[in-house]
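Basis for what follows: all heavy atoms, side chains included, without hydrogens, waters or symmetry-related copies. We count ligands from 1, going down the list as the structure has it; atoms in each ligand are counted the same way.
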Amino acid sequence: MEAAITPRTKAIVVTHLWRVPAQTEALAGIADRHGITLVEDGSHAHGATAGHRHIGSFGTAAAFSMNGPKPLSAGEGGFVLTDDDEIYYRVLGQYNKRCRNEIPFDHPLARFSVTGMGLKLRIHPLAAALALNQLDHLDVRLTGRRRIAARMIDALRELPGISVPDIPPSCEPTWYALALVYQPDQLDGIPLTTLLKALHAEGCLDVDLPGSTRPLNEHPLFDAPNELFPLLPEGWPSYRPGQFPHAEHLHRHTLKLPVPHDNDDLADAYLQAFAKVISNYRDLKEAHPA
Ligand SMILES: Cc1ncc(COP(=O)(O)O)c(C=O)c1O
């Protein structure tokens, strides 16, 4: 990462995806050394810790989605954590009354209080109330998930063809999902999609190949943005597949499964299905030759 930093680099954005939080202390050190900002996306990691510190407390600001089945869910909505006044005032731009009450009258942003940032992107109040209630249950759920995840990892570690995450001792993940990395060479090269189909046939319908690990350079929004935004200036940076081989490889070899917080039977059913499918991989190869 340090080799990629140039004088034009403004920020490092880190997303704590699915399982073990990113090496946030190291990233914060790099950001400090280069005088750039660290921004965290903790949307999969509410309540996770790295280096015994909560995710979201390392960066200048951290965003947390609370949509759908996130570890802390409001149905829809999210929040920003920051201890930086300038960012705080800008985030407040979604709430004009709070702008008037909280931005000091002599601050340059105070005159924007009535319109804020122009758009109203704030959370629905009912969703915020739901989230506050869910917050009371977060620790119990995380404790349950951590217990079940540890059991699942121990069982899955014994199976060939998939590698389980290593968890540094100072890390407490949320287990938004248990992401596994497929090792095709250990299963005679059967395609990951064949394995997935067999797991689905065993009823593991929530096992999937996550779309959100797809590196940004492979998304047309980034590699062909002019189709959507024709007014973008000429020479706008564009990206292409192949530029980030490690991230691309990881994306094509990742599968994920849910981690229940209080349902050991469900976890066992997933584990049995994995054991059955993987121990019969030779039959799968015959049924679906490459
Ligand atoms: C890691 C991550 N960041 C950001 C988002 C966007 O969140 P929202 O839909 O609440 O804007 C999501 C949504 O699923 C996510 O998983």
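- Transitive grouping of hydrophobic side chains (ILVMFWY, heavy atoms separated by less than 4.5 Å) brings Ile55 and Leu138 into a common cluster.
- A donor atom on one side chain and an acceptor atom on the other are found under 3.5 Å apart for His251 and Thr213.
- Distance from atom 16 (O) of ligand 1 to its nearest protein heavy atom, with residue and atom name: His44 NE2, 2.9 Å.
- Remark: ligand 1 and Lys70 share an N or O pair separated by less than 3.5 Å (distance only, no angle test).
- Both Leu266 and Ile148 are part of a single hydrophobic cluster, where members link through side-chain heavy atoms under 4.5 Å apart.
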Q. Asp41 and Ser43: side-chain hydrogen bond (donor to acceptor under 3.5 Å, both in side chains), yes or no, with the steps?
A. CA-CA 6 Å; Asp41 181 341; Ser43 302; 2.6 Å; yes
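- Residue contact check: Ser43 has heavy atoms under 4.0 Å from atoms 1 (C), 2 (C), 3 (N), 4 (C), 15 (C) of ligand 1.
- Each of Phe64, Trp175, Tyr176 was compared with His44 under the ring pair (Phe, Tyr, Trp, His ring centres under 6.0 Å) criterion, and only Tyr176 meets it.
- Taking every heavy atom of both residues into account, Asn67 and Ser65 meet most closely at N-OG, 3.2 Å.
- Ligand 1 has no N or O atom lying under 3.5 Å from any N or O atom of Thr15, backbone or side chain.
- Residue, atom and distance of the protein heavy atom nearest to atom 8 (P) of ligand 1 are Ser65 OG, 3.5 Å.
- Within 4.0 Å of atom 11 (O) of ligand 1, not a single protein heavy atom is present.
- Selection from Asp41, Leu17, Asn67 by nearest heavy atom to atom 3 (N) of ligand 1 gives Asp41.
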